[in-house]
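Presented below is the structure to which this report refers.
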Amino acid sequence: MQLKGSSNDAYLAFVVSGMYNQTVNERIEIRPRSMPYFSTNKQKRSKVLFELISKEGRARRGVFQCAHGPVQTPVFMNVGTQGAIKGAVSAQDLKEIGCQIELSNTYHLHLRPGDKLIKELGGLHQFMHWDGPILTDSGGFQVFSLSGLRKISEEGVTFSSHIDGRRIFMGPEESMEIQANLGSDIAMAFDECVENPAPYEYVKASCQRTLRWLERCKAEHSRQRSLSAAVNPQQMIFGINQGGIFPDLRIWHMQETAKIECDGYAIGGLAVGEETQVMYDIIDAVEAYMPVEKPRYLMGVGTPSNLIECVARGIDFFDCVLPARNARHGKLYTWSGFLNIKNEIHKRDPGPIDPQCDCPVCRQFSRAYLRHLFASGEMLAMRLAVLHNLYFFNALMSQMRKALDEGRFEEFRAEYSQKLAGRA
RNA sequence: GGAGGAGUUCCCGAGUGGCCAAAGGGGGCAGACUGUAAAUCUGUUGUCGACGACUUCGGUGGUUCGAAUCCACCCUCCUCCA
């Protein structure tokens with residue numbers, strides 16, 4: 001197991017070796033509920049949850065304790081919406097590509113196979129055979145992405161299922177109950193991810209409603225956690241900041257959200273159409289109002305240079321479908337930019353995707369072979385491409401953590417922020 | 001040897017006198033994608049000194065103001081009969 005700059009991720013190697021030693025018959029929770037990772041004592045717990053190890057400028061290096069293990073931050077969460085990373089990547093593969101924490105989706109898993117079924121089968125960890133931390137998104141993004149299929153009210157959102165058209169209702173309570181059934185380590189509050197641009201008055205009213213929803217989420221979250229049948233009694237909850245591209249709304253909403261005690265706080269509703277600089281400006285505005293002692297999660301972001309720029313702005317958690325989706329479409333990331341492996345230029349190239357990459361794909365396969373697999377429509381093409389891209393994103397974060405540990409993050413940022421935005 | 005059918009741009013295949021550089025599909029080439037309704041979507045695919053010009057629909061010649069489309073001959077392929 002080789003992780004670029006993995007000296008600070010020794011625990012990963014440990015987890016991976018444990019994973020390899022597992023046999024099919026041992027398909028059980030690796031960390032039983034009876035052996036919590038941290039103390040359940042409430043006071044003690046709130047202190048140890050997020051440890052800020054160091055800072056460089058606004059960039060933060062930390063460790064976040066989840067029920068299924070620690071997460072070294074800043075971190076990129078690998079997205080497996082329906083309990084699987086698209087592109088035929090299993091939880092076992094995630095270990096090999098350096099994934100620390102996986103993200104799945106409330107709305108999608110509720111629709112299929114159903115959260116109650118997953119609870120019946122022992123929770124999402126057991127279901128997908130992933131023993132590391134899981135964050136579940138609340139369905140708030142689907143309020144945005146399925147805009148043609150839903151109706152919002154104070155109570156919640158009525159969706160027309162994108163699968164069969166049947167009407168389903170999801171409000172704060174429903175979302176929290178589903179996430180409790182899934183048993184994720186981190187549950188996200190149910191919010192409305194507002195499109196950009198949207199009228200000021202609409203965004204304001206939406207933010208006020210999202211605040212009311214957060215109160216309801218908190219209440220239901222506590223209730224679910226205390227149930228004797230709770231899948232994960234240590235599940236945490238993150239609140240979400242909204243406010244479109246209006247700094248004053250963003251700041252006001254962040255201040256109000258921070259008043260509601262959560263285990264972490266997220267910035268949502270960005271990278272949904274606005275200019276990149278606008279996104280950075282919003283983060284600059286909001287960051288100052290985010291509790292220092294809690295992890296910050298920038299939802300749905302982003303490109304490699306976005307990640308570097310946002311770590312520089314004090315963000316700890318990220319997630320994005322981009323590396324996986326782009327991989328499936330042939331766009332691969334390298335330490336000198338990106339390339340489209342389907343392009344003719346790679347037709348007879350015997351070299352790896354990226355000579356600087358230690359991933360299993362770069363160690364074994366040529367660009368020419370990858371291009372051939374894409375041209376032939378082989379599913380191995382997607383699998384290898386996704387493995388590479390996710391490895392790259394995880395390695396990028398690992399490199400940033402290393403740079404932070406060594407006090408040379410700004411140096412790293414100067415070298416790579418622009419470089420990674422360009423073509424290989 | 002006789003009878004019938006067919007040859008269209010990289011491939012398959014529409015088109016049977018002007019609105020045809022020629023539908024559609026495939027393939028090729030390129031682009032997009034940011035809490036995943038995405039193995040999706042978009043553009044492009046004769047040449048050039050490019051809002052125009054030139055060359056193209058098996059070949060040659062002809063009819064016509066005008067031909068991928070009509071006529072003659074030739075070439076190639078397919079089917080059936082000897």
Counting only pairs under 3.5 Å, give me each side-chain donor-acceptor contact of residues 239-246 of chain A, with atom names and distances, residues two or more places apart or in other chains.
{"from": "Asn241(A)", "atom 1": "OD1", "to": "Arg250(A)", "atom 2": "NH1", "distance (Å)": "2.9"}
{"from": "Asn241(A)", "atom 1": "ND2", "to": "Arg250(A)", "atom 2": "O", "distance (Å)": "3.0"}
{"from": "Asn241(A)", "atom 1": "ND2", "to": "His253(A)", "atom 2": "ND1", "distance (Å)": "3.4"}
{"from": "Gln242(A)", "atom 1": "NE2", "to": "Asp191(A)", "atom 2": "OD2", "distance (Å)": "2.7"}

Interatomic distance, Ile341(A) CD1 vs G31(B) P [rounded to whole Å] = 12 Å
Give every residue pair that meets the ring-ring contact (aromatic ring centres under 6.0 Å, His included) criterion with at least one member in residues 278-301 of chain A, sequence neighbours excluded.
-> none
Expressed in whole Å, how much space separates the C1' atoms belonging to A67(B) and C19(B)?
-> 15 Å
Judged by modelled atom types alone, do Asp185(A) and His125(A) share a side-chain donor-acceptor pair under 3.5 Å?
-> yes
If the C1' atom of G52(B) is compared with that of G5(B), how far apart are they to the nearest Å?
-> 42 Å
Hits for ring-ring contact (aromatic ring centres under 6.0 Å, His included) against Phe318(A), two or more places apart or cross-chain, chain-then-number order -> none
Base versus backbone protein contacts along nucleotides 33-40 of chain B [heavy-atom cut-off under 4.0 Å; B, S, -] = BBBBBBBB
With both distances under 3.5 angstrom, what nucleotide forms a Watson-Crick or G-U wobble pair with U44(B)?
-> G28(B)
Mind checking what makes salt bridge (charged side-chain N to carboxylate O under 4.0 Å, His left out) contact with Glu410(A), not counting sequence neighbours?
-> Arg413(A)
Say you pick atom P in U69(B) and the same atom in G15(B); how far apart are they, in whole Å?
-> 15 Å
Distance, P atom - from C10(B) to U45(B), rounded to whole angstrom | 14 Å
May I have the distance from Glu344(A) (atom CD) to U45(B) (atom P), rounded to whole angstrom?
-> 17 Å
For A72(B) and C20(B), measure between their P atoms and round to the nearest Å.
-> 28 Å
Of all pairs that satisfy side chain to side chain donor-acceptor pair (under 3.5 Å), the ones with a partner from residues 76-85 of chain A, not counting sequence neighbours = Asn78(A)-Asn394(A)
